[in-house]
Amino acid sequence: MKSLDRFPRVSLGIFPTPIQKLENISRLLHTNVYVKRDDLTGLGLGGNKVRKLEFLLAEAREQGAEIVFTTGGAQSNHAMLTAAAVGKLGMKAILLLKKRGVTECLGNQLLERLMGTELHFVDTDDYADIYAEMDRIGAELGRPYYKIPCGGSNALGTLGYVDCAREIAGQGMRFDHIVCAEGSGGTMAGLALGAKLFLPGTAVHGMMVDTDPFDRITPALMREAAALLGVSPAITPEDYRLHDMCGPGYAIPSREGSAAVSLMAEREGLFLDPVYTGKAFAGLLQLAESGAFRAQDRVLFLHSGGAGGLFAVKMQSDAEQARPLPGE
Ligand SMILES: Cc1ncc(COP(=O)(O)O)c(C=O)c1O
């Protein structure tokens, strides 16, 4: 297997991120719940994209890019963090954001304004149109450019979370379950592949917050990332456990997700977001309620960031109070 250390990488974040026990949540759920603090990755407001960008922007640099394009929803955390990283590395970011969602200068868009990022709003849901528009703008500018797909979720970006699994293994604890949000797929696919390689016996759960066909996307990304590493492990659905936590739609808060955001804030002083991590944590709570975790289990929740969105997307107001849980 090719070592992850042999891939070109730019240094953007602070790693390893801490793993902490959530004492109050553990008591509530009668199991041992830990959090991997990828909200503290050290760039911008932190978040999962920093790990992917370390690999992707190294490739951009190697290719001599002066401009980096990426895309996402109107409040994309990925797009905001890409702009932050690209500026730090002395290149220019151009973001093509979908018009759907909160397009006011709030949340991540406020941060983009602070960074002076060039934003274009595109009135389509079809990424093929968006990538074609990047090529059009790039050709017009006549400068070398690099395109990062939505969420940074290609094989190279996925390596960022294979590396996170390796990091967890190096932190000296073993976990029975890891739970993360799945929005474009790279984080979940990277953790699932990484668990196969570095954390045998750990079940990885992806809480789907969008309606894309993740049952195809996740194993495909796992295989493509494995190919970059020169390995081809057998991949079965047991390796990537998917759960639908999308609720009323992508970036539309769900009742469970908003309640989970409140619960984590109230009991642990940690802030989740209504689009990704709140829905993912609600999925963890549902797994606990369904009896999926034993009292002696160790469950690791990936806090993948998302603070920017918390200040833009309105939560479900009737769920802002923590929902009492069974056993309380
Ligand atoms: C805060 C946060 N958590 C989780 C995710 C999901 O990660 P992925 O897109 O790799 O599935 C995202 C994606 O944008 C995100 O912004």
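Here the structure is a predicted model, which means the values were calculated and not measured. As the structure lists them, so they are numbered: ligands from 1, and atoms in each ligand from 1.
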Taking all heavy atoms of L287 and all of H205, pick out the closest pair and write down the distance.
-> CD1-ND1, 3.7 Å
Axial cation check for F121 ring with K98, 6.0 Å and 45° limits | no
For E238, does the CD atom have more than 12 heavy-atom neighbours from other residues, nucleotides or ligands under 6.0 Å away?
-> no
Hey, what's the ring geometry for Y131 with Y127, parallel, tilted or perpendicular (30° and 60° as the breaks)?
-> parallel
Distance flag, aromatic centroids of Y34 and F301, threshold under 6.0 Å = no
Check the surroundings of atom CD in E104: do more than 12 heavy atoms from other residues, nucleotides or ligands lie under 6.0 Å from it?
-> no
Pairs under 3.5 Å, nitrogen or oxygen of ligand 1 with protein nitrogen or oxygen:
unit_1	atom_1	unit_2	atom_2	d
ligand 1	3 (N)	S304	OG	2.7
ligand 1	7 (O)	N48	ND2	3.1
ligand 1	7 (O)	T187	OG1	3.3
ligand 1	9 (O)	K49	NZ	2.9
ligand 1	9 (O)	S184	N	2.9
ligand 1	9 (O)	S184	OG	2.5
ligand 1	10 (O)	K52	NZ	2.6
ligand 1	10 (O)	G186	N	3.4
ligand 1	10 (O)	T187	N	2.9
ligand 1	10 (O)	T187	OG1	2.7
ligand 1	11 (O)	G183	N	2.7
ligand 1	11 (O)	S184	N	2.9
ligand 1	11 (O)	G185	N	2.8
ligand 1	14 (O)	K49	NZ	3.2
ligand 1	14 (O)	Y276	OH	3.2
ligand 1	16 (O)	N77	ND2	2.9

